[in-house]
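Computed from a prediction, not measured in an experiment: that's the story for all the values here. Just so it is clear: chains get the letters A, B, ... in the order the sequence lines come, proteins before strands, and each one is counted from 1.
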There are 2 protein chains.
Amino acid sequence: MDKLNIFKSLSNEARLQILEWLKDPAAHFGPQDGIDLIEVGVCVSQITEKLNMTQSTASQYLSTLQKAGLIKATRIGKWTYYKRDEEAIKNLGLYIQTDL
Amino acid sequence: MDKLNIFKSLSNEARLQILEWLKDPAAHFGPQDGIDLIEVGVCVSQITEKLNMTQSTASQYLSTLQKAGLIKATRIGKWTYYKRDEEAIKNLGLYIQTDL
DNA sequence: TTGACAAATCGAACTTTATCGATTTATAAT
DNA sequence: ATTATAAATCGATAAAGTTCGATTTGTCAA
């Protein structure tokens, strides 16, 4: 994914908010039975709830962030869990420092 | 300036292009009589010309980047010279690496 | 003090993004 | 198979961004 799409994905308050929440999932989301918030991620329903927006919007925003490569998805059963791609984020910071 | 506006300012191909050109002004812009491209910056006319867009658009884009804090302006006579704010850019990279 | 030129701003047309409700798809349980 | 629930996608409308041409403002030279 190119940097333009990464920056576009970051040009939205709600998407930045999601990224921030996912930095410390345990602090922002209740536990899900049998899944490790940190290792697996947070499901769309939980993010939808905190976002105070519709499920549709939450899903799209997560998709946008994923297409930008900033978060990763894992589907388990009916749920899709999203977590940050810390390496990608670090690389973006590095890129900005050295090449932007 | 907040990070949202910074990311918005970077969400545009032409603005990213300007930022890239300003990394090495001597490589991308002809000399201006009596002004140091690196120390002072590049004037709007020169950027307009390379952008292949109108003066109006170039001026707005430079203003956008300036408001985001990524470039700085110096007016000398009739000309306004723009140069990158390297420190701000570095700080942005750092911010992304450590806090995004 | 008028003319010329650089830059900034304004107003408008067009494109893209934001956000919703409704529908569809995927999965699991009955 | 049918139902229930999570997530994704679709279609629509409102808001924001893009980009232009025209105008205005700032600055210098004649």
All side chain to side chain donor-acceptor pair (under 3.5 Å) counterparts of [X], not counting sequence neighbours:
{"X": "B:Ser63", "answer": "B:Lys67"}
{"X": "B:Thr54", "answer": "B:Thr57"}
{"X": "A:Ser11", "answer": "B:Ser11"}

Determine the minimum heavy-atom distance between B:Asp85 and B:Gly69, stating which atoms define it.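 Looking at all heavy atoms of both residues, the closest pair is CB-O, 3.7 Å.
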Shortest non-hydrogen contact from A:Leu16 toward B:Phe7: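 Looking at all heavy atoms of both residues, the closest pair is CD2-CE1, 3.9 Å.
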Need one value for B:Ser11: base, sugar-phosphate or nothing, where a base atom within 4.0 Å counts as base even if backbone is also close, heavy atoms only.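 Contact class for B:Ser11: sugar-phosphate only.
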How would you list, by chain and number, every residue that makes a side-chain contact (heavy atoms from CB on, under 4.5 Å) with A:Ala14, sequence neighbours excluded?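 With neighbours one apart ignored, the set is A:Asn12, A:Leu51, A:Met53, A:Tyr61.
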Name every donor-acceptor pair, under 3.5 Å, that has one atom in a side chain of residues 89-100 of chain B and the other anywhere in the protein, sequence neighbours excluded.
| residue | atom | partner | partner atom | Å |
| --- | --- | --- | --- | --- |
| B:Asn91 | ND2 | B:Glu87 | O | 3.4 |
| B:Thr98 | OG1 | B:Leu94 | O | 2.9 |

Residues 35-50 of chain B side chain polar contacts: donor-acceptor under 3.5 Å, at least two apart:
| residue | atom | partner | partner atom | Å |
| --- | --- | --- | --- | --- |
| B:Asp36 | OD1 | B:Ile38 | N | 2.8 |
| B:Asp36 | OD1 | B:Glu39 | N | 3.3 |
| B:Gln46 | NE2 | B:Gly30 | O | 2.7 |
| B:Thr48 | OG1 | B:Val44 | O | 2.8 |

In terms of relative ring orientation, are A:Phe29 and A:Trp21 parallel, tilted or perpendicular, with 30° and 60° separating the classes?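 Perpendicular, since the angle between the ring planes exceeds 60°.
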Rounded to whole Å, please give me the gap between [atom1] in [X] and [atom2] in [N].
{"X": "A:Leu4", "N": "C:dT16", "atom1": "CG", "atom2": "C1'", "value": "12 Å"}
{"X": "B:Gln66", "N": "C:dA7", "atom1": "CD", "atom2": "C1'", "value": "12 Å"}
{"X": "B:Lys8", "N": "C:dA18", "atom1": "NZ", "atom2": "C1'", "value": "11 Å"}

According to salt bridge (Lys or Arg N to Asp or Glu O under 4.0 Å), who are the partners of B:Glu86, at least two apart in sequence or on a separate chain?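 Checked B:Glu86 against salt bridge (Lys or Arg N to Asp or Glu O under 4.0 Å); matches are B:Arg84.
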Are side-chain heavy atoms of A:Leu10 and A:Leu70 found at a separation under 4.5 Å?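 Yes. Closest side-chain heavy atoms under 4.5 Å.
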Taking only residues at least two apart or on different chains, which pairs with a member in residues 5-26 of chain A satisfy salt bridge (charged side-chain N to carboxylate O under 4.0 Å, His left out)?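 Not a single pair qualifies under salt bridge (charged side-chain N to carboxylate O under 4.0 Å, His left out).
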A:Ser9 side chain to A:Ile6 backbone, donor-acceptor under 3.5 Å: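 Judged by distance alone, yes, a pair lies under 3.5 Å.
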Interface with DNA chain C, restricted to residues 42-57 of chain B and to heavy atoms under 4.0 Å: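 Per residue number, the list reads B:Cys43, B:Val44, B:Ser45, B:Gln55, B:Ser56.
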Going by number, which of residues 13-31 of chain A have a non-hydrogen atom under 4.0 Å from DNA chain C?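 Per residue number, the list reads A:Arg15.
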Would you grab the first and last nucleotide of DNA chain D (5' to 3') that comes under 4.0 Å of any non-hydrogen atom in chain B?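 Range of nucleotides touched by chain B: D:dG17 to D:dC28.
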For DNA chain D, the residues among residues 75-86 of chain A that have a non-hydrogen atom under 4.0 Å from it: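 Those residues whose heavy atoms fall under 4.0 Å from DNA chain D, taken from residues 75-86 of chain A in numerical order, are A:Lys78, A:Trp79, A:Thr80, A:Tyr82.
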Looking only at side-chain N and O atoms, does A:Asn12 come under 4.0 Å of OP1 or OP2 in C:dT19?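 Yes, A:Asn12 has a side-chain N/O under 4.0 Å of OP1/OP2 on C:dT19.
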